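Model, not experiment: these values are computed from the prediction.
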Amino acid sequence: MELLSQFTLNALRIYTVPKRIKNKKGISTFPAKHIVSHLDYSIDFSSQLNNGEVIINGKIICNRIELKINSSFFRQQSLTAFLSGGRENLSFYLTFIINTNLGNEFIQEMILPTYGCIADTNNNTNYKMIAFDATSQIPNFAPSSNALAVDGYYFINNKNSYILV
């Protein structure tokens with residue numbers, strides 16, 4: 001397990017808040033998240049903070065229960081959330097709130113679109129998610145008609161979303 005203080009954030013999922021006029025809110029959008037992924041999303045408040053100002057408290061709020069905030073942490077000038085879940089083709093509204101050592105509070109609102117599905121709603125067929133490593137044996141069965149076999153793996157297509165089995 002990696003210490004959160006040593007965790008390297010994914011640069012593609014860090015949003016840097018631009019300088020803006022006080023009391024003007026800005027809503028931005030994170031890159032889309034697949035509903036079965038567990039990813040980190042961060043807000044960098046460095047352009048909003050004064051010299052020597054650091055975050056001393058932070059929290060994240062989501063508008064719906066389908067997206068789960070597994071944990072969060074802050075560093076000197078950024079607030080990070082580890083998110084899982086979601087719902088097919090639904091966007092979530094996240095509010096990142098920080099308090100600083102100089103008594104300031106900053107709020108950044110974000111939209112996080114999600115995509116993908118793990119169940120066929122027409123047939124109510126649930127797909128089993130299997131993670132393979134180098135020692136795993138690939139299942140010995142023929143792929144369904146909506147699957148593509150490549151190098152011993154199956155890509156199952158369901159509503160423009162692929163699942164690797």
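The shortest distance between side-chain heavy atoms of Tyr115 and Glu88 does not fall below 4.5 Å. Put simply, the side chain of Thr95 does not reach to within 4.5 Å of the side chain of Ile60, judged on heavy atoms. Phe106 places a side-chain heavy atom less than 4.5 Å from the side chain of Thr100. Contact annotation: the side chain of Ile111 never approaches that of Phe92 to less than 4.5 Å [non-hydrogen atoms, C-beta and beyond]. Looking at heavy atoms from C-beta onward, Phe73 lies in side-chain contact with Phe82 at the 4.5 angstrom threshold. You'll find the side chain of Thr114 stays beyond 4.5 Å of the side chain of His34, heavy atoms only. In this structure, the side chains of Lys33 and Leu112 come closer than 4.5 Å at one or more pairs of heavy atoms.
In the hydrophobic cluster analysis, where Ile, Leu, Val, Met, Phe, Trp and Tyr join through side-chain heavy atoms closer than 4.5 angstrom, Leu90 is grouped together with Ile69.
With sequence neighbours excluded, the residues that form a side chain to side chain contact (heavy atoms under 4.5 Å, CB included) with Asn57 are Asn99. Every residue two or more places apart in sequence or in another chain that forms a side chain to side chain contact (heavy atoms under 4.5 Å, CB included) with Ile55 is listed here: Phe45, Phe74, Ile98. Judged as a side chain to side chain donor-acceptor pair (under 3.5 Å), and not counting sequence neighbours, the contacts of Asn70 are Ser84.
Note that the OG atom of Ser91 and the CZ atom of Phe30 stand 13.0 Å from one another [nearest 0.5 Å]. In this structure, the separation between CG on Asp44 and CZ on Arg75 is 11.0 Å, given to the nearest 0.5 Å. Atoms CD1 and OG1, from Ile43 and Thr80 in turn, are 9.0 Å apart once rounded to the nearest 0.5 Å. The structure places SG of Cys62 at 7.5 Å from CG of Leu83, a figure rounded to the nearest 0.5 Å. The structure places CG of Asp40 at 12.5 Å from NE2 of His38, a figure rounded to the nearest 0.5 Å. The distance from the OG atom of Ser28 to the CG atom of Leu94 is 12.0 Å, given to the nearest 0.5 Å.
Sorted by first then second residue, the salt bridge (charged side-chain N to carboxylate O under 4.0 Å, His left out) pairs that include residues 49-64, not counting sequence neighbours, are Arg64-Glu66.
Minimum interatomic distance between Asn101 and Gly52 (heavy atoms only, all atoms of both residues): ND2-O, 3.3 Å. The two residues Ile35 and Gly86 make their nearest non-hydrogen contact at CG2-C, 3.6 Å. Here the shortest heavy-atom pairing between Gln76 and Leu49 reads O-CD1, 4.2 Å.
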Evaluate the side chain to side chain donor-acceptor pair (under 3.5 Å) criterion for residues Glu109 and Tyr93: first the C-alpha distance (whole Å), next the side-chain angles of each, then the deciding distance (0.1 Å), finally the verdict.
CA-CA 7 Å; Glu109 291 151 333; Tyr93 191 77; 3.3 Å; yes

